[in-house]
Colleague: 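Quick one: this structure, given as structure tokens, is what I'll be asking you about.
Given the structure is predicted, the values throughout are model-derived calculations rather than measurements.
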Amino acid sequence: MAGRSCYRDVLPFTAMVAMESTNVGLNTLFKAATNRGMSYHVFVVYSYSIAALALLPAPFISHRSRRLPPLNFSIMSKILLLGLIGSSSQIMGYTGISYSSPTLASAISNLVPAFTFILAIIFRLEEVALKSRSSQAKIIGTIVSLAGAFVVTLCKGPQISFTGQTQSLLLNSPASNSDWVIGGLLITAEYILVTLWYIVQARIMKEYPNELTVIFFYNVIVSIVAAIVGLITERDPNAWRLRPDMSLVSILCSGLLNSLLNNSVHTWTLRVKGPVYVTMFKPLSIAIAVVMGVTFLGDTLYLGSLLGATIISVGFYTVLWGKAKEESGDDSGADSLESPSSNKAPLLQTYKTENV
């Protein structure tokens, strides 16, 4: 009994806290490397190339499986679309972090459920019953989340100083107001694309249910697209040379930990505890990002960022509450127009990981 409780309760909790810390740590490491001159285009190319090499055996192993359909043109075209969306989101996201901070990225990442709800309505994957309590909660949560995003992006507010704050380990200069807004807009665009990525990924998984093979081809496509963009925008040959410094550490950690360990842990936790449990840990990344940013990057915490992150978190949990209410069937309201077969998957079941 104790062993089963540990497997279903203690291990998932520990794993999710560790993964949120890892994700924020990777963003912090990336920010530190860009502060020392690393190009984010070069970073995306090398990190995804390393991830593709690590997953190279996956398609050969899956090819022997008789349970999987062949990789036909339809599946590969969808994976290509997934790669184009993913490469665009990654470039926008890392550019946004370089303009702002990992703390802002962690705050805006909580908008994914709200964006998913909006896109699910646009693509008619989900219908809204205004008299249903679950739909009301999701609508209100979405509006609150978007309001929080405006606050955290456009309103920096006064600085919050910490008594006895230690000197940062890495040189960092505070972002200007214009850079902060540009970074926030780019990160917001990233997570809109991430939402599209989840929808396309869900369609691919229905046709070809082998995550490692799909992720391998996805990493290859992202590497190629990022390389083309990088060769156009980054023409300095010295920027492509890897040296044993912070940049190399950031690339290796992102390629291995983000693409391999993070995806595996999230997939296992989804199977054991379900999608609602996984997404509950997203706001935790804000607190972790604040601590890491202040400690290692010397980031300045602003009142607007703290207030906006709090508003986003409130909206985030409101959307989750509405979805949980819907899935439990305990949705007291008037006649619902929602079709169970069409609205169960889009919002949370496709929300599998923070990083594409």
Colleague: Before giving the answer on side chain to side chain contact (heavy atoms under 4.5 Å, CB included), spell out for Ser89 and Trp197 the whole-Å C-alpha distance, their side-chain angles and the decisive distance to 0.1 Å.
Modeller: CA-CA 9 Å; Ser89 69; Trp197 190 93; 5.7 Å; no
Colleague: If a pair satisfies salt bridge (charged side-chain N to carboxylate O under 4.0 Å, His left out) and one of its residues is in residues 103-115, list it, with sequence neighbours excluded.
Modeller: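 For residues 103-115, and leaving out neighbouring residues, there are no salt bridge (charged side-chain N to carboxylate O under 4.0 Å, His left out) pairs at all.
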Colleague: Just verifying a value: how many Å separate Ser39 OG and Tyr46 OH, rounded to the nearest 0.5 Å?
Modeller: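 Ser39 OG to Tyr46 OH: 10.0 Å, rounded to 0.5 Å.
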Colleague: Pair Asp245, Arg36 - check side chain to side chain contact (heavy atoms under 4.5 Å, CB included), show working.
Modeller: CA-CA 10 Å; Asp245 55 11; Arg36 297 193 172 190; over 6 Å; no
Colleague: Are Val144 and Ile108 in one and the same hydrophobic cluster, where Ile, Leu, Val, Met, Phe, Trp and Tyr link if side-chain heavy atoms are under 4.5 Å apart?
Modeller: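 They do not share one cluster, since no chain of ILVMFWY contacts under 4.5 Å joins Val144 to Ile108.
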Colleague: For the residue pair Leu71 and Ile75, what are the closest heavy atoms and their distance?
Modeller: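 Nearest heavy atoms, Leu71 then Ile75: CD2-CG2, 3.8 Å.
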Colleague: Provide the closest heavy-atom pair for Trp180 versus Ser101 in the form atom of the first, atom of the second, distance.
Modeller: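 Closest heavy-atom pair between Trp180 and Ser101: CH2-OG, 3.7 Å.
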Colleague: Please answer: with hydrophobic residues joined when any side-chain heavy atoms are less than 4.5 Å apart, are Trp321 and Phe115 in the same cluster?
Modeller: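 No, Trp321 and Phe115 fall in different hydrophobic clusters.
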Colleague: Using side chain to side chain contact (heavy atoms under 4.5 Å, CB included), reason through Tyr208 and Met76 one step at a time and then give a plain yes or no.
Modeller: CA-CA 10 Å; Tyr208 195 81; Met76 290 303 299; over 6 Å; no
Colleague: So, Thr318 side chain and Gly141 main chain: donor-acceptor pair closer than 3.5 Å or not?
Modeller: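 Absent.
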Colleague: Work out which heavy atom in Ser100 is nearest to a heavy atom in Gly183; give both atom names and the distance.
Modeller: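 Smallest heavy-atom distance, with atoms named: OG-CA, 4.0 Å.
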Colleague: Per the ring-ring contact (aromatic ring centres under 6.0 Å, His included) rule, which among Tyr40, Phe30, Tyr48 passes with Tyr94?
Modeller: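 Single pass found, and it is Phe30.
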Colleague: If we ignore hydrogens and angles and just use 3.5 Å, is the side chain of Ser250 paired with the main-chain N or O of Ser247 as donor and acceptor?
Modeller: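 Such a contact is absent between Ser250 side chain and Ser247 backbone.
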Colleague: Does any N or O in the side chain of Ser47 come within less than 3.5 Å of the main-chain N or O of Val44, such that one atom is a donor and the other an acceptor?
Modeller: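 Yes; judged by distance alone, with no hydrogens or angles, the pair exists.
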Colleague: To the nearest 0.5 Å, tell me how far Leu186 CG sits from Asp179 CG.
Modeller: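 Going from CG on Leu186 over to CG on Asp179, the span is 10.5 Å.
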Colleague: Return the CD1 to NZ distance between Ile143 and Lys138, rounded to the nearest 0.5 Å.
Modeller: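 So the gap between those two atoms works out to 14.0 Å.
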Colleague: Mark yes when over 12 heavy atoms from residues, nucleotides or ligands other than Arg243 sit less than 6.0 Å from its CZ; otherwise mark no.
Modeller: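 More than 12 within 6.0 Å, yes.
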Colleague: For a quick test of reading the model, state the closest non-hydrogen atom pair linking Ala54 to Leu256 and the distance between them.
Modeller: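 In terms of heavy atoms, the two residues are closest at CB-CD2, 4.3 Å.
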Colleague: Hey, what do you get for CG (Asn219) to CD1 (Ile79), rounding to the nearest 0.5 Å?
Modeller: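 One gets 11.0 Å once the value is rounded to the nearest 0.5 Å.
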Colleague: Which pair of heavy atoms, one from Trp240 and one from Glu234, lies closest together, and at what distance?
Modeller: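 Reported closest heavy-atom pair: NE1-O, 3.1 Å.
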Colleague: How long is the span from the CD1 atom in Ile140 to the OG atom in Ser135, to the nearest 0.5 Å?
Modeller: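 Between Ile140 CD1 and Ser135 OG, I get 11.0 Å after rounding to 0.5 Å.
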Colleague: Membership question, hydrophobic clusters at under 4.5 Å side-chain separation (ILVMFWY): are Ile85 and Phe216 in the same one?
Modeller: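 Looking at the clustering, Ile85 is in the same group as Phe216.
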Colleague: With sequence neighbours left out, what residues match Ser74 under side-chain hydrogen bond (donor to acceptor under 3.5 Å, both in side chains)?
Modeller: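 Expected list: Lys78.
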Colleague: Working to the nearest 0.5 angstrom, can you tell me the gap between Leu248 CG and Leu252 CG?
Modeller: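 So the CG of Leu248 and the CG of Leu252 are separated by 4.5 Å.
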Colleague: Shortest non-hydrogen contact from Asn27 to Pro102?
Modeller: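 Heavy atoms only, the tightest pair is O-CG, 3.8 Å.
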Colleague: Do side-chain atoms of Thr14 reach the backbone of Leu11 as a donor and acceptor pair under 3.5 angstrom?
Modeller: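 No, because the side chain of Thr14 does not come within donor-acceptor range (under 3.5 Å) of the backbone of Leu11.
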Colleague: Is there a path of hydrophobic side-chain contacts, each under 4.5 Å between heavy atoms of I, L, V, M, F, W or Y residues, that connects Phe73 with Ile221?
Modeller: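 Different clusters.
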Colleague: Treating Ile, Leu, Val, Met, Phe, Trp and Tyr as nodes and any side-chain heavy-atom pair under 4.5 angstrom as an edge, say whether Ile118 and Ile311 lie in one connected cluster.
Modeller: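 Different hydrophobic clusters.
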Colleague: Walk me through it: do Thr34 and Ile97 pass the test side chain to side chain contact (heavy atoms under 4.5 Å, CB included)?
Modeller: CA-CA 9 Å; Thr34 54; Ile97 292 175; over 6 Å; no
